[in-house]
Amino acid sequence: MPQFSRATLIETVDLAFEQTVPRSLVHKRRLENVLLTDVRSCGDDRFICAGHLPIAHRFFNEPGRSPRRDILFYTELGRQASLAVSHEFLGVSTEDVFIFEQSEAAMARAAWTPASSATVEPALVEIRIQEITRRRIRVATDRLVGG
């Protein structure tokens, strides 16, 4: 990805940070666990996703932990971004079960800098699809009724 400032990227791609995406899109039961706020396509195989650092989330803000310094936050944000891209742009139904066989992550240096005074701090995720393999396995069940 070209080196843009975060502000330039947010303006260029027109990302939203106000509301989270629907829970079903990221397979979450509780709204408080949805970190993703927007997903945008930037071509056939590149997507930019927006999220926010949760300021009131019980797990990510328990004593001694902060989302900015917790790799689990970024892992979960990336997982949610991958699910949302699969459902929104790759034609995967929210009813389908699927497996990601490989995911690679790289952290921008800015992710580790001290937080600003903003109440909700934006986070960005870039998804690049390298290979898609689709398999359709149908599982049939037969009910035997004895007489």
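For the pair Q80 (side chain) and L36 (backbone), a donor-acceptor distance under 3.5 Å is present. In this structure, T37 contributes its side chain and A16 its backbone to a donor-acceptor pair below 3.5 Å.
For the atom pair CD of E126 and CZ of R46, the computed distance is 4.5 Å after rounding to the nearest 0.5 Å. For the atom pair OG of S24 and CZ of R29, the computed distance is 13.0 Å after rounding to the nearest 0.5 Å. Of the inter-residue distances, the one linking R40 atom CZ with F89 atom CZ reads 8.0 Å to the nearest 0.5 angstrom. Distance check, rounded to the nearest 0.5 Å: CG of L83 to CD1 of I127 gives 9.5 Å. The OG1 atom of T94 sits 12.0 Å away from the CZ atom of R23 when rounded to the nearest 0.5 Å.
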Inset, instruction - Could you check L124 against C49 for side chain to side chain contact (heavy atoms under 4.5 Å, CB included), going step by step and ending with a plain yes or no? - result: CA-CA 6 Å; L124 300 175; C49 306; over 6 Å; no

Legend entry - Stepwise side chain to side chain contact (heavy atoms under 4.5 Å, CB included) check, V125 with I48: CA-CA 6 Å; V125 175; I48 301 295; over 6 Å; no

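With a 4.5 Å cut-off on side-chain heavy atoms, D45 and R128 do not count as touching. Side-chain contact check for I129 versus F47: some heavy-atom pair is nearer than 4.5 Å. Here the side chains of T20 and L31 are in contact, with some heavy-atom distance below 4.5 Å. Contact of the V21 side chain with the V34 side chain is registered, since non-hydrogen atoms from C-beta on lie closer than 4.5 Å. You'll find the side chain of F17 stays beyond 4.5 Å of the side chain of D38, heavy atoms only.
For residues 75-85, the set of pairs meeting the salt bridge (charged side-chain N to carboxylate O under 4.0 Å, His left out) definition, not counting sequence neighbours, comprises K28-E76, E76-R79.
The side-chain contact (heavy atoms from CB on, under 4.5 Å) check on R30 picks up E32, N33, R58, with sequence neighbours excluded. Partners of E88 by side-chain contact (heavy atoms from CB on, under 4.5 Å), not counting sequence neighbours, listed by chain and number: L25.
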